[in-house]
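These notes are about the structure you will find just below.
Only this structure's heavy atoms are used, side chains among them; waters, hydrogens and symmetry mates stay out. Order of listing sets the numbers, starting from 1, for every ligand and every atom in it.
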Amino acid sequence: MQIRKVLEEKILEAFEHIAVDVDRVQVLPASKPEFGDYQYNGAMALAKRLKRNPKEIAQSLVESIQKGDMIESLEVAGPGFINIKLSKYWLSTRVTQALEDTRLGVSIKNDPIKVVIDYSSPNMAKQMHVGHLRSTIIGDTLANLLQFMGESVIRQNHIGDWGTQFGMLIAYLEELGEGTEGTLKDLEQFYKDAKKRFDEDEFFANRAREYVVKLQSGDVYCLNLWKNFIDKSLSHCEEIYQRLGVNLTREDVRAESDYNDELANIVKELQEKGLLVESRGAKCVFVENSDTPLIVQKSDGGYLYATTDLAAIKFRVQKLGAKRILYVVDSRQSEHFKLVFKVARAAGYAPKDIKLEHVKFGMMLDKSGRPFKTRDGGTVKLIDLLQEAVNRAKEAIRQKDEYSKEEILKIAEIVGIGAVKYADLSINRESDYVFDWDKMLSLDGNTSLYQQYAYARIQSIIRRYGKEPTGTVAIEDELERKLVLKLLELEDTLILASNESAPHYLTNYLYSLTTLFMKFYENNPILKDDIPKELKESRLMIAKATAETIKLVLGIMGIKTVDRL
Ligand code: ARG
């Protein structure tokens with residue numbers, strides 16, 4: 001149910017009725033309760049244009065808007081605002097209907113487009129770090145969200161698996177010989193040791209250099225060593241994906257090296273289009289309004305990160321049929337993407353109708369505002385971080401005696417991992433993000449645990465009632481009205497989050513929903529004996545709709561719920 005769209009259509013109709021030519025209007029949620037539920041404030045700008053009195057325009061609109069059973073009242077306020085209040089009857093009917101639908105009344109797009117989402121994309125020559133954690137969490141949520149809305153989503157894990165470091169890594173892998181399984185368990189240590197060998201041993205360093213050349217010329221022996229290394233490295237990432245409940249598989253991996261064969265051609269095409277300029281031996285593209293060029297080939301003939309990205313855009317548009325491409329990559333790569341996008345446009349790889357978006361995010365900081373590191377300044381191993389989340393969750397949840405050890409472990413896993421994900425998603429992604437265990441596992445505030453508790457509490461109410469509530473919702477008071485309205489704002493929220501690639505709209509929504517529910521629940525007892533059956537069932541239905549909504553939205557964020565907590 002897209003409430004705002006329906007209201008906007010009603011206003012457009014009214015404009016037609018009063019013979020004022022308007023092709024787009026925007027309705028906003030009211031900023032104060034006394035303004036009703038929604039507000040239209042377009043009459044003022046329009047009045048200026050038409051040289052008429054805004055109040056008059058608003059008044060004639062109010063008289064022409066078809067209220068139907070949806071709108072309870074319309075009121076002209078201030079200099080020409082229109083306050084809109086929805087009817088209890090309509091809200092009640094709609095929420096009852098939503099409960100009958102597994103999508104809770106959220107429509108599915110009937111003209112889906114192909115959306116490519118480039119996310120996670122770690123480098124294989126380094127340990128996956130917290131930046132990739134953010135990309136993985138945000139990217140996966142956006143992929144789930146767009147998929148839920150009905151778009152045809154293609155996930156792309158653009159892993160960095162090519163470059164000079166790999167000569168060193170495979171030379172070292174070879175040197176260790178048998179039993180590499182064990183050695184590669186700790187990749188971080190492996191990189192460090194390889195680097196140490198490289199710096200200390202001339203002979204080893206030369207072999208590493210030789211292997212780079214061999215690898216690049218397709219030498220089978222080196223390629224096999226390299227494939228083995230990438231395979232192990234990827235398995236480490238997959239361990240993290242699995243733990244996080246992230247939907248990325250091997251099929252989604254399209255590595256940098258997969259574009260190797262296309263790179264020479266990209267440079268050739270840029271040349272043919274007259275976009276290439278040679279500067280100190282390097283091949284560059286200068287784009288409008290930018291002093292820094294995009295370098296696509298170094299003077300030694302080597303290609304760059306940007307060249308691969310151009311090849312990837314070409315592939316995504318021409319082969320995958322993408323109409324919208326999202327790059328969930330940290331803000332520090334802003335300039336890179338700006339340039340790459342401009343060149344892709346100029347070269348015709350991304351025609352105007354293709355949307356290219358850098359979904360940038362800020363850094364992960366510790367509580368004192370410094371980049372997130374271990375106590376001794378090292379990089380935090382993601383798998384350790386997730387384990388710590390689970391351990392802390394175990395402490396944070398009330399360990400009731402009735403639970404077996406396994407149950408507690410299961411709940412802690414869901415709650416702990418959920419807390420890490422929720423905390424990341426709940427802030428505006430462009431700001432830096434302060435990683436704070438206590439805040440993230442707190443019971444109050446905009447946290448996953450708060451959602452989990454609300455969900456589990458509703459399940460427990462339904463269990464105590466003894467059967468699934470049926471019947472219809474009949475809104476009784478203002479608290480119920482607010483809660484139901486919030487429930488029906490689900491689709492508007494999902495649309496907003498997907499249009500802006502901003503998951504924090506989801507968590508903001510959940511937070512206000514759950515807060516409203518808690519208020520409603522405090523004031524409107526559900527299971528008390530003296531409450532008439534119809535009222536009981538109506539309240540239970542509202543509670544159930546709340547739980548289903550929490551579950552659906554957390555599900556989009558890849559967070560599971562538990563029935564008891
Ligand atoms: N591997 C890169 C990094 O770790 C991120 C790749 C992002 N995607 C892309 N198409 N450039 O910084």
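Residue-level proximity to ligand 1 for Phe337 is carried by the side chain, the only part with a heavy atom below 4.0 angstrom.
Under a 4.0 Å criterion applied to the non-hydrogen atoms of Asp118, ligand 1 contributes the atoms 7 (C), 8 (N), 9 (C), 10 (N). Counting the atoms of ligand 1 from 1 in the order shown, those under 4.0 Å from a heavy atom of Tyr327 are 10 (N). Short contacts between ligand 1 and His132, defined as distances under 4.0 Å to a heavy atom of the residue, involve ligand atoms 3 (C), 4 (O).
Any N or O atom pair closer than 3.5 Å counts here, and Tyr305 shares at least one such pair with ligand 1. Considering backbone and side-chain atoms alike, Asn123 places an N or O below 3.5 Å from some N or O of ligand 1. Close N/O approach between Asp309 and ligand 1 is found [any backbone or side-chain N/O within under 3.5 Å].
Under the 30°/60° scheme for interplanar angles, the aromatic rings of Phe435 and Tyr433 are found to stand perpendicular.
Within the structure, the closest approach of Gln333 to ligand 1 falls below 4.0 Å when heavy atoms are considered. For Lys126, the closest heavy-atom approach to ligand 1 does not fall below 4.0 Å.
Annotation: cation-pi geometry not satisfied between Lys352 and Phe341 (NZ/CZ under 6.0 angstrom from ring centroid, within 45° of ring axis). With a 6.0 Å cutoff to the six-membered ring centre and a 45° limit on the axis angle, Arg429 does not count as a cation-pi contact of Phe361. Taking the ring centre of Phe148 as origin, the terminal cationic atom of Arg103 falls inside the region bounded by 6.0 Å and 45° from the ring axis.
Glu395 and Asn391 are not linked by any side-chain donor-acceptor pair at a separation below 3.5 angstrom, with hydrogens and angles left out of the test.
Considering every non-hydrogen atom in both Ala306 and Val340, the closest pair reads CB-CG2, 4.1 Å.
Distance alone, capped at 3.5 Å, places no donor-acceptor pair between the Asn157 side chain and the Val253 backbone.
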